[in-house]
Structure formats: C-alpha cells, structure tokens
Amino acid sequence: MIESIILWLFAISAAPFFSAMILKVKAFFGGRKGPPLLINYYTLIKLFKKGSVYSTSTTIMFKLGPIISLGSAITVLMFLPIAGQQAIFSFNGDIIFILYTMGLSRFFTIAAAMDTASPFEGMGAAREAYFPIICEAATFMIFILFYRLTGELQLSAYFSGDNTIALWNLAGAPLLFIIFSFFIILLTENSRVPADDPATHLELTMIHEVMVLDHSGPDLGLIELGSFCKLFFYSTIISRLILPFDLGFPGLAFVLYLLGLALVYIAVGVIESIIARYRMDAVPQFVLTSFALAFFATIITLEFIR
Amino acid sequence: MGQFFISILIILFGGFFSLILVRKAKFAKIITVFLLSIGCLSGLMDAVLNLIQPGIAGASFKYLNVFFLAFRMDGLSGFFLVVIFAVCLLATLYSFHYMEHSGNDVRTAVNYFFFSILIASMALVVTAANMITFMLFWEIMSLSSFFLVIYKHHKAESRKAGYLYFVFSHVGAMFIFVAFGIVYGYTGSFGFDAMGSLPETAKILVFIFSFVGFGSKAGVFPFHVWLPHAHPAAPSHISAVMSGVMIKIGIYGIIKMYVLLNFHTPIFGNIVIVAGVVSGILGVVYALGQHDLKRLLAYHSVENIGIILIGLGIGMIGVSSKNPLMAVLGFTGGLFHVLNHSIFKSLLFMGAGMVLHKTGTRSIDALGGLIKKMKITGITFIIGSLAICGLPPFNGFVGEFFIYIGGFKGIALENSVFAASIFAIVSLAVIGGLALACFTKVVGVVFQGEPRTKAAVDVDEKGPTMLISMSILAGACILIGIFPQMIIWMPIKAVSALGLGYNPIDFESILQMTANITLAATIFLITLLPVIAIRWFFYRGKIIRRSGTWGCGFTQPTVKMQYTGSSYASFILDFFRPVAPLDEDHPKITGRFPLKTYYKSQVNDIAELNMKRVVVNPVLFLFDKLRWIQQGDIHLYIGYILLAIILLLVFI
Amino acid sequence: MIHSVDTILALVLLSILFSYGYSQLFRLIIVVGFQGIVVSIVPFFIGHDMTAGGIVFTIATLLIRGIIIPMSIYIAMKKRAIQSKVAPIIGYQASILCGLGVIVAATYISRQLNIPSISNYTLLFPTAIALPVTGMFLLMTRRNAIAMVLGYIIMENGIYLIGTTISVRALHIVEFGILLDVLAGVMIMATILQTIERTFDDVDTENLRTLKE
C-alpha cells in the first residue's frame with residue numbers, strides 16, 4: 001500500500017519530466033538542441049507564480065474545468081498499477097469508473113471552453129467531443145478481450161504482478177495489435193500528432209490547445225499538469241504491455257518500467273517528428289483503425305483459445 | 001391496498017375540484033395542487049412500505065356484471081408506483097408556479113383535471129391484474145395524456161402533435177389487443193396467469209406483438225415518431241411526467257409480458273437488445289441534430305429507453321443462458337435506470353420549462369449565457385446533464401455500471417451470448433460518448449457563452465416551487481450517485497419479485513458493487529480537495545483581472561460569432577449521415593460584401609421519412625379505393641348499421 | 001496453441017483490414033504486395049513435403065506476387081500520373097466496419113463448415129474466405145480502375161490460399177499456371193487502363209457509363 005502511494009506520487013511528479021522527452025526527441029530530429037528536460041517544471045512554476053485574467057463571459061464552470069480535469073487525472077492514476085505493483089484502489093469494474101471519470105473531465109473541459117463564447121474554442125470543443133467517442137469504443141473493445149482472457153474487470157488483474165505475462169501467454173501475437181490499438185488511442189486522447197498537433201500555430205486547426213486558450217496562470221498550470229498525468233496513465237499501460245517481465249529483484253522491475261515508459265514517449269516523439277498531422281476529416285478514420293484492430297485481435301484470439 | 005385506493009381517490013378529487021372551482025382559479029389551484037401532492041405522497045409512502053415488506057396485496061371489483069376489475073400489488077408494480085408517485089409529486093409542485101400566468105383559467109383547470117386522471121390511470125395500469133383492467137386503464141392513460149398534449153390547441157403544431165400521438169398510441173394499443181386476443185384465444189380467460197400455458201410459437205408471437213405495442217408507448221425506434229412531437233407540445237411539467245414516467249409504463253408492459261409468458265428463449269433477449277441498441281444510438285444522434293430544446297430532450301428519452309432495453313435484454317439473455325448474476329445485474333441495471341431516468345429527465349424538462357417560461361423560445365441557437373441570470377436553473381440543469389451522460393458521481397452512472405457489469409458477465413459465456421454482449425457494451429460506450437457530446441452542446445450553447453438574441457438577455461428566475469422541485473431532483477441525482485445503496489434495494493426487490501428462477505438473489509455481491517461505487521465517488525471527491533487547496537493557495541493575494549475573451553487577434557467579436565449548436569453537432573452528424581440525412585438550405589454567397597444571408601438545417605429522422613413512404617402512402621392509397629362506401633347519404637349509413645348487426649348476429 | 005501459420009495468417013487478415021481503409025493508392029499497392037508475399041510463404045510452413053521444384057515454384061510465386069505485380073502496377077500508376085485516390089463509392093469508415101463484418105462472417109462460416117483436413121490451422125479457412133470477398137468488395141465499391149485491379153489480385157490471393165490448403169499434390173503446377181494467367185490478366189488490364197486513360201484523361205470507371213449509348 002505504502003509502495004503504491006509512493007509510486008502514485010512519483011507518477012504525478014514525474015509526468016512532466018517524461019513529457020519533456022517528447023520535445024527533446026523532436027528537437028533531435030529537427031537538428032536542434034531542444035529545451036532542457038526539466039522544461040515542463042519551469043513552465044509549471046512560472047504559471048503558478050502568475051495571476052489570471054478571466055473573460056467577462058465566463059462563469060464558475062470556467063474555474064471548475066481545470067480543477068476537475070486535474071482531479072480526475074490523478075484519481076484515475078490511483079486505480080492504475082504502476083510498475084507492476086498493486087494499485088492503491090481496485091475493485092471489480094473499476095475500468096468503467098476510470099473511463100467515465102475521464103468522460104467527466106472531458107465534459108468539464110468542454111464546458112469551460114464553451115464558457116468563453118469564443119468561436120475557436122467552440123470549434124475545438126466540437127472536435128474534442130467527437131474523437132473520444134470512437135476511442136472509448138475501442139478501449140472497451142480492448143477490455144472485452146482482456147475480460148474474456150482473464151475473467152476480471154479491473155486494471156490490477158491485467159497489469160500488476162505476473163498478470164501481464166499471463167495475458168501474453170494466453171493471447172500471444174494478437175496482443176501486438178492491442179498495443180498498436182492502444183497506442184493510437186494514446187495519441188488521440190492526448191491530442192498528439194497525427195490526430196492533433198500540440199505545437200501548431202493556427203487556432204483553427206487545434207483541438208485541445210484551442211480549448212484552453214483563455215485559461216491563464218495557475219488554472220492553466222492545473223490543466224497542463226492534468227494532461228501530463230493523463231499521458232502518463234496511457235504510457236504506463238503500454239509500458240507494462242511491452243515489458244511485462246518481473247525478474248525477481250524489486251528494483252529491476254521498476255527500471256524496466258522506466259525503460260518502457262521512455263520507449264513510449266520516444267515513440268510519440270518520433271511519430272511527431274516524421275508524420276504530419278492528418279486532415280481533420282481523416283482523423284476519425286485513424287481512430288476507427290484502433291477500434292478495428294482491437295476488434296480484430298479479439299476475434300482471432302478467440303479462434304486461438306478455442 | 002386500502003391506502004393505495006384512497007390516494008388514487010384523493011388525486012381524482014383534486015382534479016375534480018379544479019373543474020368545479022374554475023371560477024375561483026387561484027383558490028382552485030391551491031386546493032388542487034395540495035390534494036394532488038397529498039395523494040401522491042400517500043401513494044408513495046404506501047408503495048415504499050409495500051416494497052419494504054413484500055407481500056402481494058390484491059383487490060377485485062365486479063364491473064358490468066361480466067368482468068372483474070382486479071388489482072394486485074407486487075414488487076414490480078410497487079417499484080413503478082414509487083417512480084410514478086415520486087415524479088408526479090414534484091411535477092405537481094412545479095406546476096404551481098409554472099401554470100401561474102397561463103392566461104386562461106378554464107384551460108388550466110382542464111389541464112389539472114386530465115393530469116390527475118393521468119396519474120391515477122398510470123398507477124392503476126401498473127397494478128392491474130387482468131387484461132381487461134389493464135387495457136381499460138391503458139386506454140384512459142393514453143386518452144388523458146392526449147388531452148394534455150393538445151393543451152395549446154389553438155396552435156396547428158400542437159394539434160398535429162396530438163394527432164400523431166393519438167394515432168400512434170391507438171395503433172400501439174391495437175397491437176396489444178392482438179397480443180391479448182391471441183392469449184384469450186388459447187386460454188379463454190382474461191387472467192394474466194394463464195399466459196404461461198401457451199404453446200411456444202404462440203408465446204413468441206404474443207411477445208413480438210406486445211413488444212411493438214408497448215414499444216410504441218415507450219418510444220422504441222422506429223415507433224418513437226410521436227415522441228419528439230408530443231413532448232414539446234405539452235406544458236413542461238406534463239412533458240416531465242410523460243417522458244419521465246409515462247413512457248416507462250411501456251417498459252413495465254414489456255417486463256410484465258416477459259415474466260408472464262415465462263418462456264426463457266434467447267430470441268426475446270436478442271430482440272430487446274437489438275431494439276435497445278438501435279433506439280439508443282439513433283435517439284442520441286437525432287437529439288444531436290435538434291434545434292428545439294424540448295425536442296432534443298424528447299429524443300434523449302428514446303436514447304434512454306434504449307439503454308433500459310439493453311439492460312433488460314442482458315437480463316433476459318442471462319436468464320436464458322442460466323447465468324443468474326448476469327440476469328440480476330441486467331434487470332437491476334435496467335430498472336435502476338428507469339428510476340434514474342425519471343429523476344434526471346424530469347429535472348431537465350423542468351429546467352427547459354423554466355427557460356421556455358422566461359425567454360419564450362425553445363430554439364437552442366437563440367439562447368446563451370443563461371446561467372449568469374438563472375443560477376439555480378443552470379446549475380441543476382448541468383447536474384441533470386451530467387447524470388444523463390452517465391458520469392460519476394451522479395445517478396446515471398450507477399444504472400449503466402450495473403448494465404456494463406452484466407454485459408461483461410456475458411463476455412465469458414458461449415459465442416451467441418458473447419456476440420450480443422459485445423454489441424451491447426460497445427453500443428453503450430458509443431451512446432455514452434454521444435450523449436456527452438449532445439449535452440455539452442446544450443449546456444454550452446444555452447447556458448454558457450453570451451446571449452445570442454434579445455430573448456436571452458433580460459431573464460430572471462422566479463417561481464419558488466419550480467426551483468424547489470428542481471433542486472430536490474438535482475439533490476437526488478447527486479445523492480443516489482454517491483450512495484446508491486440507499487435506493488438499490490428497490491429495484492432488487494422488484495427483480496426478485498419477477499421470479500425468473502434465480503432466487504434468492506446474491507444481495508451481498510450487489511451491495512459490494514454499490515459500496516465500490518461509493519468508494520470511488522468518495523475518492524474522486526476527496527481528490528478534488530487538495531486540487532482546490534492548491535488552486536486557492538496559488539491565487540491567494542493575487543490580482544485577478546477581467547477582460548474580454550481572447551479573440552485570437554480579432555478585436556471586434558460579436559455574439560453572433562459564437563459557435564452555434566448546429567455547427568457544434570455538424571462534425572459528428574457527418575459520421576452518421578447515412579442514418580441521419582441532413583437537409584440544408586442557404587443561398588449562394590455572391591458579391592464581395594454579401595449583406596444578408598441565412599442558414600437553415602434539419603436532421604431528418606429516417607423512421608419519420610420512411611413511415612410516410614412505407615406506411616402512410618399505401619394506407620392512404622388503400623382507403624382511397626374504399627371511398628365509394630362513403631356516399632354522404634344518411635339512409636345508406638343506416639343500411640350499413642343494419643348490415644353490420646345482421647352479420648354480427650350470424651357470426652356469434 | 002499458436003501455429004506459426006496462424007501468426008502469418010493473422011498478418012494476412014490484418015492486411016485485409018487495412019485494404020478496406022486506405023485511401024492512398026500506393027499504400028494499397030504496398031498492402032497488396034505484402035499480402036502477396038505473406039500468402040506465398042504459407043506453403044513453407046504448412047508442412048507439405050517440399051521438393052526442390054516446389055521450393056523454386058514457391059519462390060517464383062513469391063517474386064511475382066509480392067514484387068513484380070505490385071511494381072508493375074506502381075510503375076503504370078506513376079507513368080500515367082493517375083490520380084492517387086481510390087475514389088470509393090462507400091466511405092472509408094463504413095468500409096472499415098464492412099471489413100470487420102466480413103472477417104466476423106468468415107470466421108462464423110468457417111466454424112459452420114468445419115472441414116477436417118484444414119482445421120489444424122484455425123485461421124486458414126476464415127482468411128481464405130475473407131480474401132475473395134474483400135477482392136469483390138474492392139471491385140464493387142472503388143471507382144478507380146487500379147484499385148479494382150488490386151481487388152482482383154486480392155481475390156486471386158484468396159484462391160491461391162484455398163488451393164494450397166486443399167490440393168496437396170499437383171499443387172505448384174496448377175497454381176503457377178493460374179498465377180501466369182493473372183499476370184497476363186494484369187498486363188491486359190494495364191493496357192486497357194492506358195486506353196481508358198487516353199480516351200477519358202482519367203481512370204475513373206464511372207466514365208465508362210457514357211459508352212452505354
């Protein structure tokens with residue numbers, strides 16, 4: 001339990017660090033030196049030092065947005081087994097709670113964006129409302145496969161201890177598709193290239209960034225921290241899926257986990273460097289691919305374990 | 001059942017008084033609202049007590065010396081009575097200030113009269129114990145609600161809505177008659193209990209006919225066409241009752257028939273799941289495309305009926321595949337969602353009623369920024385929206401959670417069940433996401449941002465009883481969402497009364513689930529505290545400025561530039577274009593400085609479109625051919641009557 | 001128990017899935033080439049006795065199927081500067097869902113049939129059914145003539161897969177014969193394409209409708 005809480009705190013505090021790795025990788029591909037790896041901490045400190053300007057159009061929903069989005073991101077992390085350890089909390093069906101808590105944070109992010117009466121933020125909100133629908137279906141598809149394999153409906157049953165290796169033994173190669181599918185979900189849910197470009201300059205083409213245009217100061221800091229945590233959540237799952245080994249030493253598992261995390265973040269960075277973002281109407285198709293992959297993996301796995 | 005009948009009588013008296021005392025309108029309204037509330041309260045207490053101590057109470061009266069009017073109260077009807085009386089109580093309360101400036105005392109009085117009849121007949125339908133009684137009160141229910149729909153009968157729109165509703169409810173009733181007729185043909189009795197002895201093919205036929213009949217009342221796609229017309233036409237408290245309660249009577253009918261037929265085939269479960277998924281997804285897609293607030297909510301009723309049906313379908317499949325936990329979870333989830341939906345949907349309709357009352361428009365794109373002036377309405381509406389999206393920690397989540405868990409139980413079973421479960425789970429996920437998109441649209445466009453037209457500028461919120469009943473409902477949404485164990489025993493009792501071969505119910509594991517929901521909700525709420533504390537800490541003593549919204553460099557923003565509901569939804573609707581064809585109307589932009597232009601769009605309901613093509617036109621064609629019967633000559637008509645009597649005498 | 005054959009076939013199924021969703025013609029060509037290679041190496045794993053001749057034939061098949069045909073189509077596309085979109089009649093998203101449906105249906109049908117001689121490989125029969133259906137689907141729903149040719153090749157891949165699994169003996173000769181036919185067919189199609197393109201300045205088969213009169 002203590003270990004889990006320490007890992008949870010580690011997750012929240014390390015999330016900005018790992019996100020900076022993406023920037024480093026992008027800089028490497030661009031032939032630049034890139035920002036320091038602690039850049040996100042500097043940004044957060046800078047934001048927390050500042051005051052805020054609120055639009056006259058806004059109401060309490062605008063202030064609730066950052067609180068709920070960070071709150072739900074760190075709540076979700078409590079249910080996640082980090083580095084193969086047990087999660088702080090876990091119960092049968094916690095996956096549903098996790099996905100719907102993310103939905104709650106989405107609701108409030110969108111509501112905060114609509115609160116400003118800005119046409120750009122409305123546009124971003126409309127897109128933010130659309131893509132995660134398919135992502136959610138794909139995520140449920142993945143968990144349907146996991147449930148069929150393990151008979152359990154909690155993250156701990158898939159990602160803690162030896163359970164992930166057991167998953168590999170049961171499903172085998174189709175789990176590769178699941179990893180791909182999950183990676184697509186990661187990219188879409190966290191507004192990365194090719195679904196969205198966090199570094200774009202034109203408000204018309206943004207999804208997530210445009211929704212927080214009006215937030216400033218500590219509010220923006222909370223949102224940023226929340227999105228780091230969200231990315232960390234997905235990366236942890238993929239890290240565990242690609243490196244499920246427990247080699248006996250308690251420290252070694254953690255090192256492997258960090259290695260996996262680094263791999264995921266570097267992969268995100270590489271993708272951002274070599275792929276251009278998709279045209280807006282091609283994004284649903286991209287997300288649908290993740291659903292198709294998960295569905296497909298489920299079918300062929302069922303054929304195997306029959 | 002004494003207290004039950006007394007409550008019904010009090011309610012009927014209330015309606016009666018409003019007619020008698022029509023001259024003293026103010027006094028009559030106080031008396032009526034008081035009596036209706038007392039009646040509902042007493043009925044509610046009786047129903048709750050009856051659920052706590054499950055005993056089967058019954059009564060029967062002789063009617064016309066031939067038929068028996070028989071009533072019986074078991075767990076299922078007790079559960080529905082709780083829903084009926086609870087929502088009607090708050091709707092009555094709400095109506096007190098809502099009907100204040102109706103301008104026409106007679107119309108108000110008539111409205112209250114039919115409202116009381118509607119409440120009484122709904123309560124009597126769910127306690128009916130034979131087919132005659134059931135059909136009698138079913139028809140009274142349909143007719144009284146028809147008169148409530150045509151409340152504004154001077155408007156053509158209302159008359160059309162009433163006409164559609166009339167046709168649909170009677171064609172639906174015809175299907176139920178057919179189903180009951182088949183049963184009577186086989187058993188020769190009007191009792192419900194004999195239904196179990198039918199041959200299996202007849203059972204399937206009876207179930208399908210009654211599913212169509214009850215489905216048309218519940219608003220199952222494609223029999224939902226009346227719903228988006230009738231709900232906006234009625235006054236808001238009536239919409240709340242119709243959408244929150246009356247359509248659930250259709251659900252009651254479906255469950256009742258399933259129980260009575262006592263035939264555990266997977267066919268029923270699959271039919272119900274498919275109907276549920278189709279209604280759920282299409283309901284919310286059409287809702288996204290609406291511009292009229294109340295029509296949008298009406299389509300959401302279709303969606304939620306879909307969710308309820310998915311739950312029931314999972315339960316039925318659980319029964320047929322002999323998996324007791326799946327069955328219990330499915331039925332419990334479905335019934336729990338019946339209760340939850342009645343709470344948040346009536347809340348939303350009341351909120352919409354307040355908006356309509358104060359701004360005078362139902363058009364979403366004409367509103368904006370209402371939460372600044374209408375704080376309580378806005379906040380309760382947002383709570384209702386969160387609940388209807390099924391988000392934790394609100395009550396909508398609890399029912400969906402049970403349905404999900406039930407569906408996942410089916411994943412572990414053999415292939416046909418597995419396929420149905422995948423279908424159900426993925427559709428539920430999609431429905432949830434679409435509902436979120438739809439309600440962020442409503443909240444964002446109606447309550448947030450800046451007022452788009454003059455109608456939304458000078459508003460206030462007055463009417464204490466309206467605000468009170470909305471606050472009570474919003475409180476219930478939160479309370480049930482965090483502590484579902486307070487309520488969960490009600491659907492459990494109802495499910496155990498179904499007696500589908502899984503008793504005794506594993507109550508412990510269900511309590512464990514509710515405890516988990518409470519735990520999760522508490523964790524979430526506690527996690528918010530440090531975040532709020534951090535935010536407070538960093539804002540301490542800082543200068544907070546207010547200024548205009550950042551226009552991305554544009555310095556002259558106007559309210560017209562805000563994203564409208566239509567544009568918000570268009571992106572998603574594009575994905576569903578094959579099932580939701582969009583009609584657009586706008587002139588071509590010409591010249592360098594085009595001055596005035598307009599844009600109109602309408603999402604077509606394929607059920608409505610095809611109904612005209614497939615049903616209405618052929619029927620019209622057929623009846624056109626029969627027109628020669630009608631000559632306009634009264635003597636001929638008398639001849640017809642004679643002929644009919646002779647034919648009847650010959651056949652009977 | 002997972003066979004290496006099944007893993008390969010999973011890749012074939014995956015390529016089917018992608019062929020439904022791609023809008024870029026050259027990607028579709030790559031997918032078809034990949035599919036050709038993967039399908040051709042199935043005989044190595046399926047456990048028939050491989051003679052030297054058999055190995056040569058299989059490798060020749062692999063070369064033609066995986067490299068020569070896709071390359072020639074690609075060159076034809078480049079040379080004629082043909083439009084690079086596949087111009088669907090049914091949208092991409094609907095196509096992906098159709099693809100999922102086809103795979104599910106194929107799996108279901110193969111379970112119903114349950115042919116004993118090939119039931120060692122669970123995915124073999126579903127793949128063999130799904131390939132021709134996919135080819136037909138592409139033929140029916142894509143207006144671009146090259147996409148239609150590719151659909152035809154996918155169909156042939158499926159027929160090859162069925163052939164390899166059901167007939168054990170005179171396998172290679174027959175298959176090779178079929179393959180040569182296909183090669184010839186592709187060449188003829190390329191010629192026809194050129195003609196169409198020269199006549200209409202496009203390879204959109206909708207244009208052929210004007211020939212009706």
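Throughout, a chain's letter reflects where its sequence line sits, starting with A, and its residues are numbered from 1.
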Checklist entry - Would you say the side chain of B/Phe418 lies within less than 4.5 Å of the side chain of A/Ile144, judging by non-hydrogen atoms? => result yes
Next on the checklist: So, taking the atom named OG in A/Ser216 and the one named CH2 in B/Trp550, what distance separates them when rounded to the nearest 0.5 Å?
Outcome noted: 13.0 Å
Checklist entry - For A/Thr59 and B/Lys372, which heavy atoms make the closest approach, and how far apart are they? => result CG2-CG, 3.6 Å
Checklist entry - Taking side chain as C-beta onward, heavy atoms only, is B/Ser547 less than 4.5 Å from A/Thr56? => result no
Item to check | Residue A/Asn92 versus chain B: region with a heavy atom under 4.5 Å | outcome: both
Checklist entry - For A/Tyr130, is it the side chain, the backbone, both, or neither that has a heavy atom closer than 4.5 Å to a heavy atom of chain B? => result both
Checklist entry - Are any of the side-chain heavy atoms of B/Ile517 and A/Phe97 separated by less than 4.5 Å? => result no
Checklist entry - Hey, is CG on A/Leu9 packed in by over 12 heavy atoms from elsewhere, all under 6.0 Å? => result yes
Item to check | Modelled atom types, side-chain donor and acceptor of A/Tyr100 and B/Tyr404, under 3.5 Å | outcome: yes
Next on the checklist: Is A/Asp281 close to chain B through its backbone or its side chain, or both, or neither, when contacts mean heavy atoms under 4.5 Å?
Outcome noted: neither
Checklist entry - Among B/Ala569, B/Ser385, B/Gly390, B/Gly369, which has the most heavy-atom pairs under 4.5 Å with chain A? => result B/Gly390
Checklist entry - For A/Phe120, is it the side chain, the backbone, both, or neither that has a heavy atom closer than 4.5 Å to a heavy atom of chain B? => result side chain
Checklist entry - At what distance, to the nearest 0.5 angstrom, does CZ of B/Phe408 lie from OH of A/Tyr147? => result 8.0 Å
Checklist outcome for this item: The interface call for A/Lys49 against chain B, heavy-atom contacts under 4.5 Å, is backbone
Next on the checklist: Looking at B/Lys373, I'd like to know if its NZ atom is crowded, meaning that more than 12 non-hydrogen atoms belonging to other residues, nucleotides or ligands lie closer than 6.0 Å.
Outcome noted: yes
Checklist outcome for this item: Per-residue tally against chain A (heavy atom, under 4.5 Å) across B/Phe439, B/Phe537, B/Phe401 peaks at B/Phe401
Checklist entry - Which pair of non-hydrogen atoms, one from A/Ala117 and one from B/Gly449, has the smallest distance, and what is that distance? => result CB-CA, 3.7 Å
Checklist outcome for this item: Rounded to the nearest 0.5 Å, the NZ atom of A/Lys63 sits from the CD1 atom of B/Ile544 at a distance of 7.5 Å
Item to check | Interface moiety of A/Leu222 toward chain B, non-hydrogen atoms closer than 4.5 Å | outcome: side chain
Next on the checklist: Please give me the minimum heavy-atom distance between A/Ser118 and B/Thr549, naming the atom from each residue.
Outcome noted: CB-CG2, 3.6 Å
Next on the checklist: Taking side-chain contact (heavy atoms from CB on, under 4.5 Å) as the criterion, tell me which of B/Ile425, B/Leu428, B/Ile422 meets it with A/Phe140.
Outcome noted: B/Ile425
Next on the checklist: Determine whether A/Leu47 and B/Phe538 satisfy the following criterion, side chain to side chain contact (heavy atoms under 4.5 Å, CB included), listing intermediate values before the conclusion.
Outcome noted: CA-CA 10 Å; A/Leu47 287 173; B/Phe538 283 108; over 6 Å; no
Item to check | Pairs of heavy atoms under 4.5 Å with chain A: top-ranked of B/Lys441, B/Lys542, B/Met513, B/Gln562 | outcome: B/Lys542
Checklist entry - In terms of heavy-atom pairs under 4.5 Å with chain B, which of A/Asp214, A/Val210, A/Ile134 leads? => result A/Asp214
Checklist entry - By a 4.5 Å heavy-atom criterion (distance strictly below it), what part of A/Pro218 contacts chain B: side chain, backbone, both, or neither? => result both
Item to check | Contact winner vs chain B - A/Met61, A/Met123, A/Glu136, A/Glu121, heavy-atom pairs under 4.5 Å | outcome: A/Met123
Next on the checklist: Please classify the contact between B/Phe575 and chain A as side chain, backbone, both or neither, with a heavy-atom cut-off of under 4.5 Å.
Outcome noted: both
Checklist entry - Do the side chains of B/Ile523 and A/Phe79 get nearer than 4.5 Å, heavy atoms only? => result yes
Next on the checklist: Is B/Phe524 in contact with chain A via its backbone, its side chain, both, or neither, using a 4.5 Å heavy-atom distance?
Outcome noted: both
Checklist entry - Looking at A/Ala129, A/Ser52, A/Gly93, which one has more heavy-atom pairs under 4.5 Å with chain B than the rest? => result A/Ser52
Checklist entry - Any side-chain heavy atom of A/Met114 within less than 4.5 Å of one from B/Val443? => result no
Checklist entry - Is there a side chain to side chain contact (heavy atoms under 4.5 Å, CB included) between B/Val531 and A/Ile74 once you walk through the steps? => result CA-CA 10 Å; B/Val531 178; A/Ile74 60 180; 4.0 Å; yes
Checklist entry - What distance do A/Ile110 atom CD1 and B/Thr440 atom OG1 have between them, rounded to the nearest 0.5 Å? => result 4.5 Å
Checklist entry - Under the 3.5 angstrom rule, does the side chain of B/Arg546 hit a backbone N or O of A/Tyr54 as a donor-acceptor pair? => result no
Checklist entry - What are the two closest non-hydrogen atoms of B/Thr527 and A/Gly71, and how far apart are they? => result CG2-O, 4.0 Å
Next on the checklist: Let me confirm one number: the CD1-CG distance from B/Ile534 to A/Leu70, rounded to the nearest 0.5 Å.
Outcome noted: 7.0 Å
Item to check | Proximity breakdown for B/Cys438 and chain A, heavy-atom pairs closer than 4.5 Å | outcome: neither
Next on the checklist: With chain B as the partner, which of A/Pro66, A/Gly51, A/Ala125, A/Pro132 has the greatest number of non-hydrogen pairs under 4.5 Å?
Outcome noted: A/Ala125
Checklist outcome for this item: Answer key: most heavy-atom pairs under 4.5 Å with chain A among B/Ile532, B/Val559, B/Ile431, B/Asn516 is B/Asn516
Item to check | Residue pair A/Ala137 / B/Val430: nearest heavy atoms and the distance that separates them | outcome: CB-CG2, 3.9 Å
Next on the checklist: I'd like to know whether CD of B/Glu414 has more than 12 heavy-atom contacts from other residues, nucleotides or ligands below 6.0 angstrom.
Outcome noted: yes
Item to check | When A/Pro119, A/Ser72, A/Cys135 are compared by non-hydrogen pairs under 4.5 Å with chain B, the top option | outcome: A/Pro119
Checklist entry - Tell me, side chain or backbone of B/Gln512 under 4.5 Å from chain A's heavy atoms, or both, or neither? => result neither
Item to check | Check against side chain to side chain contact (heavy atoms under 4.5 Å, CB included), A/Phe108 and B/Leu386 | outcome: CA-CA 10 Å; A/Phe108 275 92; B/Leu386 289 162; 3.9 Å; yes
Next on the checklist: Heavy-atom cut-off 4.5 Å, strictly under: side chain, backbone, both or neither for A/Ile88 against chain B?
Outcome noted: neither
Checklist entry - Taking the side chain as C-beta and beyond, is there a heavy-atom pair between A/Asp219 and B/Arg535 under 4.5 Å? => result yes
Checklist entry - So what's closer than 4.5 Å to chain A heavy atoms on B/Leu529: side chain, backbone, both or neither? => result neither
Checklist entry - Is there side-chain contact between A/Met280 and B/Phe571, with heavy atoms separated by less than 4.5 Å? => result yes
Next on the checklist: Tell me which of these, A/Asp94, A/Val76, A/Thr58, has more heavy-atom pairs under 4.5 Å with chain B than the rest.
Outcome noted: A/Thr58
Checklist entry - Which is it for B/Leu436 and A/Ile133 under the side chain to side chain contact (heavy atoms under 4.5 Å, CB included) test, yes or no, and what are the steps along the way? => result CA-CA 9 Å; B/Leu436 195 147; A/Ile133 296 173; over 6 Å; no
Checklist outcome for this item: Tightest non-hydrogen contact, residues A/Gly122 and B/Tyr568, listed as O-CD1, 4.0 Å
